[in-house]
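All residue numbers refer to positions in the sequence shown, counting from 1.
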Amino acid sequence: MSSNPVAETVASLMPRAQEELAALVAFKSVADFDQFPRSESVGAADWIAAALRAEGFQDVDLLDTPDGTQSVYGYLPGPEGAKTVLLYAHYDVQPPLDEAGWATPPFELTERDGRWYGRGAADCKGGVLMHLLALRALKADGGVPVHVKVIVEGSEEQGTGGLERYAEQHPELLAADTIVIGDAGNFRVGLPTVTSTLRGMTLVRVRVDTLEGNLHSGQFGGAAPDALAALIRVLDSLRAEDGSTTVDGLAADSTWEGLAYDEEQFRKDARVLDGVELIGSGSVADRIWARPAVTVLGIDCPPVVGATPSVQAGARALVSLRVPPGVDAAEATKLLQAHLEARTPWGARIGVEQIGQGQAFRADTTSPAYQAMAEAMAVAYPGQEMQYAGQGGSIPLCNTLAALYPRAEILLIGLSEPEAQIHAVNESVSPEELERLSIAEALFLRNYAAV
């Protein structure tokens, strides 16, 4: 890494960053208050607000968003006439899942094999630290050359849209010339990457009912319609023989023009078991960045332990459908619902309830902000050229911000590279990536101020 004052300052701040990330990870800030206490999310929000105030931010506020959570906002004024940059991250996290599967406690940041492990370490509490490190480095080397707004969301993982709706109700609050979303990641460790597209998503809850109540499978099985079997058939209809997503009327043949994703590397990144085939057709990049993908997230049915010999009267499933740029998420939802209803066997009653939705996103990579970021990343990652990749996940806020501020340039960077295993057990962050990306963000702000 090239020696320069910004890089040297960030390097000197890394021990402090580790301590601060540990403090932030310790909050069990899952924004599902049926599972985790609201006080954990409140504590994380308060911590971030205090950190912003300590850095000289003005107008620091905890925004009560319509979904019942809080987002943290702060404003750091720059020189008169300077551009305004909005920095985004989120402090809510996914549940830890099977805590027994974690090698170390999920809410205790633990260093192991050169990485820092803990829920939210990469997604996206590490993003909060990335923004703080970048600003601290600039302050130590002449000052921050732009006006900075920071917004840290409290319910991104739940997809409940609180911040999107708040921003729509207060359109002046987050207005900026450029927006840096710190919730993406490099294609792999050490390869600087901006995410230029995001798939949109829709989330539906499906319920199938066939009987007034469960029946003895020995007495009635064979003629009585089994709701669980009907649900399984409905869900199976969403995939072709090769595993490709098949929703009636939804195109699934788009191709990705950009960074290629080697199939063997993908198998390693996804930790596919030996002998198990990948699903779908086309290149890996086509499948995960340019085409729709359905996932059954959960099924309500009797567990194996304690199950009785019964024909099930009702069954439910939670289904996610990711949609690529160019596909309207609302239209995809209608197609998904129509497909599920049309494919339900035996005249079973089916109900489809939409519980989440977000549009896909495509950035303008020809903008001056992207050139400023490319130059910054070339310094932070010597010998590497910035790459453009897609991301299969969704960040609905991106489209809200793009609609509210059509002239704003939006860049997506972050710490969620494949080894981070976000949303899974043993999530971790690479401290080297945190250091490099903090340097890149600081240099980007300086470069962009001069454009």
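Taking a cutoff of 4.0 Å between a charged side-chain nitrogen and a carboxylate oxygen, K83 and D177 do not qualify as a salt bridge.
No more than 12 heavy atoms of other residues, nucleotides or ligands lie within 6.0 Å of CD in E241, so this atom counts as exposed by the packing criterion. In E277, the CD atom is not crowded: 12 or fewer heavy atoms of neighbouring residues, nucleotides or ligands sit closer than 6.0 Å. Open room surrounds CD on E212; 12 or fewer heavy atoms of other groups in view lie less than 6.0 Å from it. Around the NZ atom of K28, the shell of radius 6.0 Å holds no more than 12 heavy atoms that belong to other residues, nucleotides or ligands.
In this structure, a donor-acceptor pair under 3.5 Å is absent between the side chains of Y91 and Q70. A side-chain donor-acceptor contact under 3.5 Å links Q357 and T333. Checked by atom type, the side-chain pair N186/Y381 shows a donor-acceptor distance below 3.5 Å. Remark: the T160 side chain and the D67 side chain contain an N/O donor-acceptor pair separated by less than 3.5 Å. Neither side chain, D364 nor S367, offers a donor N or O lying under 3.5 Å from an acceptor on the other. Side-chain contact check for E427 and Q421: no donor-acceptor pair (N or O, by modelled atom type) lies under 3.5 Å. A side-chain donor from one of E432 and S430 sits under 3.5 Å from a side-chain acceptor of the other. For S237 and H339, the side-chain atoms include at least one donor-acceptor pair closer than 3.5 Å.
With a 4.5 Å cut-off on side-chain heavy atoms, T295 and V319 do not count as touching. I181 has its side chain within reach of I395: a pair of non-hydrogen atoms, C-beta onward, lies under 4.5 Å apart. Inter-residue side-chain proximity for L415 and L437 is flagged as met; some heavy-atom pair is nearer than 4.5 Å. L211 has its side chain within reach of P225: a pair of non-hydrogen atoms, C-beta onward, lies under 4.5 Å apart. Contact of the T210 side chain with the D226 side chain is not registered, since no non-hydrogen atoms from C-beta on lie closer than 4.5 Å. In this structure, T197 and Y388 have side chains that are not in contact, with every pair of non-hydrogen atoms separated by 4.5 Å or more. In this structure, V93 and V25 have side chains that are not in contact, with every pair of non-hydrogen atoms separated by 4.5 Å or more.
Of all non-hydrogen atoms in I151 and L174, the two that sit nearest each other are CB-CD2, 4.1 Å.
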Given L321 and L250, is the side chain to side chain contact (heavy atoms under 4.5 Å, CB included) satisfied, shown in steps?
-> CA-CA 11 Å; L321 177 65; L250 186 62; 4.0 Å; yes
Passes side chain to side chain contact (heavy atoms under 4.5 Å, CB included), E417 versus F187? Steps please.
-> CA-CA 6 Å; E417 38 74 28; F187 182 66; over 6 Å; no
Do I410 and F361 pass the side chain to side chain contact (heavy atoms under 4.5 Å, CB included) test, and can you show the C-alpha distance, the side-chain angles, and the key distance before you say yes or no?
-> CA-CA 10 Å; I410 301 178; F361 171 78; 3.8 Å; yes
Step by step, work out the side chain to side chain contact (heavy atoms under 4.5 Å, CB included) result for M373 and Y448.
-> CA-CA 8 Å; M373 182 63 80; Y448 182 63; over 6 Å; no
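Paired with Y166 under the rule side-chain contact (heavy atoms from CB on, under 4.5 Å), one option of E164, H170, E168 passes, and it is H170.
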Please tabulate, for side-chain N and O atoms in residues 120-135, each donor-acceptor pair with protein atoms closer than 3.5 Å (sequence neighbours left out).
| residue | atom | partner | partner atom | Å |
| --- | --- | --- | --- | --- |
| D123 | OD1 | H90 | NE2 | 3.0 |
| D123 | OD2 | H423 | NE2 | 3.0 |
| K125 | NZ | L24 | O | 2.8 |
| K125 | NZ | F27 | O | 2.8 |
| K125 | NZ | S29 | OG | 2.9 |
| H131 | ND1 | E441 | OE1 | 3.1 |
| H131 | ND1 | E441 | OE2 | 2.8 |
| H131 | NE2 | Y88 | O | 2.8 |

